[in-house]
Amino acid sequence: MDFMKRFSLNYGAVIGLLILTLIILMAITAPLLFPGNPWKTVAMPLLRPMQDPSYILGTDMLGRDIAAGIAHGAKVSLLIGVVSTLVAVLIGVTIGALAGFYGGLVDDLLMRFTEFFQIIPAFAMAVVLVAIFSPSFISITLAIAVVSWPSVARLVRAEFLSLRQREFVQAAVVIGQSGPRIILTQILPNAVSPIIVTASLMVATAILTESALSFLGLGDRNTMSWGFMIGAARTMLREAWWMSFFPGLAILLAVLAINLIGEGINDVMNPHLRGRKN
Amino acid sequence: MSTAQAPLLSVDKLTIRLPEGFDRKNAIEDISYDLSAGEILCVVGESGSGKSMTANAIMGLLPGYLKPTGNGIRYRGKNLLTLPEEEKRNLRGRDIAMIFQEPLSALNPLMTVGEQIDEVMLVHGIEDASARSARVLELMEYVGLPDPSTMRHSYPFRLSGGQRQRVVIAMALALEPSILIADEPTTALDVTTQAQILELIKRIQRAKGMGVIFVTHDFGVVADIADRVIVMEKGLVVEQGSADQVLNHPRHPYTQRLIAAVPHRGTERKEGSSTQTGDPAPLLELRNLNKTYRSKEGLFSKPRIVPAVQNISLTLRRGQTLGVVGESGSGKSTLGRLIMKLLDNDGGQILYQGKDIAPLSQSAFRPMRKKIQMIFQDPFASLNPRQTIGRILTDGPLANGVDKATARGRAEQLLARVGLDKSAYVRYPHEFSGGQRQRIGIARALMLDPDILIADESVSALDVSVQEQVLRLLREIQEQLKLGMIFITHDLRIAAQICDQIAVMRQGEVVEMGPPSQIFDAPQHEYTQRLIAAIPGKEWHPEHVIQNLHEESR
Amino acid sequence: MLNFTLQRTGKAFVVIVAVVVLNFLLIKLAPGDPAAILAGEAGSGDPQYVENLRQQFGLDKPVVVQLWNYLSGVLTGDLGFSYRNQVPVLDLILGRLPATLLLTGAALIFSLITGVLFGVLAARHRGSVLDSVITALALLFYATPLFWIALMSVLLFSINLGWLPPFDMETIGAGYTGWRRVLDIAHHMVLPTVTLGLFYTAVYTRLTRASMLEVMSLDFVKTAHAKGVPNSRIIRRHVLRNAVLPVFTFASMQTGQLVGGAILTETVFAWPGIGRLMFDALMQRDYPVLLGVFLITAMVVVVVNFITDLLYRFVDPRIGIS
Amino acid sequence: QDGAASAEITRGGTLNMIVQPEPPMLIVGLNTQGPTLYVAGQIYQSLLTYREDLKPLPQLAKSWTVSEDGLTYTFNLQEGVKWHDGEAFTSKDVVFAAEEFLVDAHPRWRLIREAYVESVTAPDDLTVVFRLKKPFSAFLYGFELSSFPIMPAHLYQGTDYRTNANNTRPIGTGPYKFEDWQRGSYIHLVRNEDYWKEGQPYIDDLYFRVIPDAASRAIAFEQGTVDLLRGGDVEGFTINSLTSLPGVETTTAGWEYFSPQMFLQPNLRLEVFKNKDVRKAVYHALDRDFIVNAIFFGQGKVSTGPFAESMLFHDPNIQQYPYDMELAKKLIADSGVDLSKHPIRLLGLPYGSTWDRMTEYVKQQLEELGFVVSIQAVDAGGWLQAMGNFDFDLAFSFLYQFGHPAQGVSRIYFSDNQVKGTHAGNNGGYENPEVDEMFRKAADAIDEAEAAEAYTKVQQILAEEVPVLWMFDMKNTTIYRDKIRNPVRTAIGLNEPMDEVWIAR
Ligand SMILES: Nc1ncnc2c1ncn2[C@@H]1O[C@H](COP(=O)(O)OP(=O)(O)OP(=O)(O)O)[C@@H](O)[C@H]1O
Ligand SMILES: Nc1ncnc2c1ncn2[C@@H]1O[C@H](COP(=O)(O)OP(=O)(O)OP(=O)(O)O)[C@@H](O)[C@H]1O
Ligand SMILES: [Mg+2]
Ligand SMILES: [Mg+2]
Ligand code: NI
């Protein structure tokens, strides 16, 4: 496909895809590579990286394998990133589409509603939500989704506002299609690319938010995640840099990869830039 | 100064390669022409033929990845292709100036127009601020801008299209350049404004003895102002010569084709033809229709009120084509959208076969929609890029309860009817040309067996030759199906070609109505008269040229 | 102008009331009885003691009544009383607000200046090595967790190099006054400002670059070229002015997020601002304070947006008429 | 400490400390949290303080006598004591505290007064007499600042204590006066010129700084921004590295009165924990040496039973439960309980990363034993809530023992002290009439030996039944630069007024 070809010419995006694939592979194979529980004490505490070849990234203060933690943590970080983004996109698209398509009072009400969420700092809101509903995979995911949908809603609304005026939408009205049908079959498919771009960037932000929550001690205590690892290691930053360095690097790489991919998609889909490159 | 005979500018075998993956290899190829001082050289050709590219190459304004090659562009002995950037910059604005098509986007929205005119002088080394300031006033006065001392402090958005274009012209004239390049400077303007701007350019050109390269696709404009003409097709110059020669004795078949397609009088339908075949009962009747736009009323801000349609009463019969013409903003589209019920009216009635559809709610009206269909203006925007032609065509019948197989059969039938191959059914819009897309649009409207067809500027976005084909198709269809058609256009010449009746609109009101012959030959209203007077190229009669050609070939 | 102000104020009022109500109800959903917690903290609490506290907080009344009491208090400028801190909420917040405003303001300015600067540089030298370096760095900072940068910069600049103080807003007990104090605060501000701002620097760099490229493709830039305006002047006079407007709008919308980021920064750098206050209040179930912080933050955001709008109207002549 | 020694004392200087977390207020009468006491200990005083072996020492009470029958306690107050606003401190203030202020606002004094105190009177300005309904052997152990804070009657009597305007400017009798409080930043106290101990205190300014991040606090000490760290200010492993800095001294003394003990509280209302063998198995499954050494970096001492080692009446010769996973598994196997059928929640203490590590460790061990465990994530509020509502399966908790078992220990075992809303009652639901009886007997005993006998007995029973799993006695290390002299002198450590602390040049 044309899209694939153009995408493959974008080096950044290809590198991003490569890194992300590796991370996903790591998440999938974690139970095979590091069987058993990543929480388990397996060696001497505070082994430096490479000090013992079977623990290449070293161990933490309880003698847990950092490499195992990173491999197992990949699943949580990615899952929270993806699921929260999906939820946010679902809410955002629904609200944005309704507001943009129907306009008028509906738009006014929905946009005011969106403003409430936008006016409160997203991270503060996430912190409060997670603290109040006690940290768990579900509460963290939902909290991140709840604070990140407004940007999707605004984007979708803007897209709908402009697409609604487009002649092919008017044509659909003229031939007698119903509102919901027009939204779903005429407008939405044409708004998909900016949504995909935003969503891909949101996954990255969600991973960062999750790690920041964990850092503040608001992570899910029953699952290993990168943010948790940094949060747990931060007090020992000076004594055992590797404990926070590697999970930090993992977050950095994952977020970077997703951003690169997102930008790649953007470049390929954005007609403005088409033909300028290469 | 060089000798009088030596051309001011000479373009010699200019070629510009396009990057991989474009529709053709070269944007322009082996272009050669000369421009002398004191002449207006018109460049004509269809969209994409390379007119703008040539102009931009002279200015050195091509994007970095497009590299012009060839023997050179010589201006007063200097080869512009090899001139260092700084020297070229110095020439721009001082020796060679340029005017663009879109007057709004050509001006920086955040600078006053005075500042922008002033800047040309400033960057070319005129240090004396008061001298510049005086010159700004003088220039604004000269291009006919009202009250220059106030207007210089205005921002572009406060000016009308015509005024903006005058500002751009003032900017171009600031340093009395010897060459002025105008790239379709009037295409975005109303006929009346266009006439004024053309007049202005002609006047200045005469007064200053400038060489002007005027890019256009409108033969009427060419006829009005050109000294010499070059015709371009797909990046090649196919014909060049004096205006008389090219316009009246075109040699190249492409030129001939273009000229044959120019809308002109004489092809009008015979008056009364429709009333004979038509149903005496009106198909559609508008009574005192009103629509006023109100900008969203804030809690405390007063709303902006635009009366777009005022007290319009019209009657449309079966088999009749009703033209609606008028300047931009006169409310033509609003009228069309009201009839389609894409907008709610404020007052009056819309009687469809005697039944008032105005008060119906959207859902109540939906089952009736199929009877009133529309052909849109932009063939690129009116087809959903994510749907196949088949889907686009069958969506309507499906929404109206027709089964899939029937709809498909009808779609294939109609594709043939509008002159498209069956294989179009599974293809996507971007695989078609503009003219073909407009045919698809027409097919879509016909899918539902409408009684009334509304065409809003349906051919304005098309090149003349394509425009002509689509118009012919519409006429055929109308004659066969005996629909009632409302044809909205800003071009009186086109309206004259296809309509039985023409309504002239101004500021939401119909000021005059009648058959084309009456509108053209005996316009009653002062506004209509002005419109007619502003039509470019009235002195030139393409139909005669064609006739002559026919006779020659016989 | 007055109309505009009134209209905006009206709208803002509605939004803020909604913010208060929404948060109030949200907090009511929270498990964890503030009275029980306060009692627990005090050593141990028997039911009578807890009940006394509940009564004092007004927690024994129905939620609607509590909401009404709170709202009517807010309307008269009374944000409630923090029983935990034994101080009126407003005093508590106002005492901490300047520090946060200082920090976030500085971070905003820092990130805007650097972001716009780098964005312009990258756009001007589009496709060059400089562009690649700036774009890559922006991406890197965009992807790095804020707290991680904070930790690392403390490690490097405070501990290893000893150049910058790692925490506090000023040298406590030094008793500096006047310029000496300003300098001292500035010295303490460097690290938190930069760490908080870096992410936004990255954001604005990318935004500015994109916006510049977009504007550079517009017709009036072509006109300017055709006028013979030198490149640098085109960038400065024509492109930049048009390109930074959307960046500023975006920045103003981001002020709220900056306060969110301040929670992390204030924690690491012991900055006595409301971000930290909010977090502590949350952890201690000091709900009046939490609500107050949200309210004040919302108001700050609204005010900032309002000012930006006014400025926008000032800078962009197109707005304000339609 | 006088004579030759005092000649060397240098006066002046500033002492920088850390208060963590930032206290909500400084009114000890209304709040007796650690941070509040730490700062307010310099502002307010109480009648007594305690020596490291928990023997009572005079503070605002110059001397005291106890009647033969153990029912009358007479305190003679110091002369010339003034409140910071210049008013004289008198016996009226003590009576106000005992009869009004603390009854309303102090959770522990309220209970003691209700159960034991008949009247408190002031025969003259410098004498206070407490008359008891029945003997209470621990009575004299409840008169340091956290148990019996004394507030100025002339400012508080007849007002709403919680909204009293003076709450923002605490007025006490202590060696330092409140100067200013930049919330989120620092609290500043200055020398009380009119302090009742002639020539004291020696230091001019005290700064208590708020630094929320533990790592930053360590840096602050290292860089010399602060000179003294209290136990808990920095993480365990940092203590070791800070201790090795030149010119730094440490002490673990000064916590004898509180003797905090960390324990694991099974909810005995749960079927699975009703089984004594399961409790014992869990106890055996935990390597408490590992916890103390690896997780707490030596900041603790494995507990031998319900009484902390530094407590009065501590008896080490009771049944012990050393780490033995095999034995633990065998106990479970023998008991016939299928642990996998009883998934449990583990409620951790929300006090920072070290505590999180312990929770994670215990979870691992329990899972090895066969439990299905999920960690109940809570913040401070959530923990108090869960404990107070008995909404937990297995919880970490801790106990301040307040100098005497009758003050601090018995409360978590009394069958009738299962009160919702507090974390420091009998939250596990333990019921044993014999234990109740023994504790009562010991508390009411006038004779020391009689009390000791009852306490030994009760320790034996508890050790056999393990209603809670005593993990370790928390060790709090005070770290300070050696120029700080005399920082810790009594069993209440840094809460003691620093009127004899000085900074050497
Ligand atoms: N910036 C560009 N990059 C690449 N190709 C371009 C660019 N601009 C134009 N072209 C291509 O060059 C050819 C000539 O375009 P040009 O703009 O000169 O046409 P034109 O005759 O001015 O048409 P129109 O009447 O629509 O303005 C076309 O095939 C077009 O697709
Ligand atoms: N949605 C709208 N809201 C407010 N005013 C509008 C709206 N649409 C059109 N107008 C205004 O109503 C008037 C008539 O507009 P309309 O589009 O009907 O004109 P038109 O004759 O079709 O012009 P054109 O030839 O440019 O298409 C114009 O002044 C226009 O600015
Ligand atoms: Mg062109
Ligand atoms: Mg129109
Ligand atoms: Ni003729």
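Just so it is clear: chains get the letters A, B, ... in the order the sequence lines come, proteins before strands, and each one is counted from 1.
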* Check each atom of Thr354(D) against the heavy atoms of chain A and say whether the ones under 4.5 Å are side chain, backbone, both or neither. => neither
* Using non-hydrogen atoms only, which part of Gln376(D) is less than 4.5 Å away from chain A: side chain, backbone, both, or neither? ->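 It is neither, since no heavy atom gets under 4.5 Å.
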* To do: Can you see which heavy atom on Ile375(D) is nearest to which on Asn222(A), and at what distance?
  => N-OD1, 2.6 Å
* Decide if atom CG of Leu33(A) counts as having more than 12 heavy atoms of other residues, nucleotides or ligands within a radius under 6.0 Å. => yes
* Asked: Take atom NZ in Lys329(D); do more than 12 heavy atoms of anything else shown fall under 6.0 Å from it?
  -> yes
* When you look at Lys363(D) and Arg221(A), which way does the side-chain contact (heavy atoms from CB on, under 4.5 Å) test go after all the steps? -> CA-CA 11 Å; Lys363(D) 176 177 188 237; Arg221(A) 296 300 311 285; over 6 Å; no
* Reported CH2-to-CD distance for the pair Trp39(A) and Glu360(D), which is rounded to 0.5 angstrom -> 4.5 Å
* **Basic-acidic side-chain contact under 4.0 Å: Arg357(D), Asp60(A)** =>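 Not counted as a salt bridge, because no side-chain N and carboxylate O are separated by less than 4.0 Å.
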* Minimum side-chain heavy-atom gap Lys40(A)-Glu367(D) below 4.5 Å ->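 Of all side-chain heavy-atom pairs linking Glu367(D) with Lys40(A), none is under 4.5 Å.
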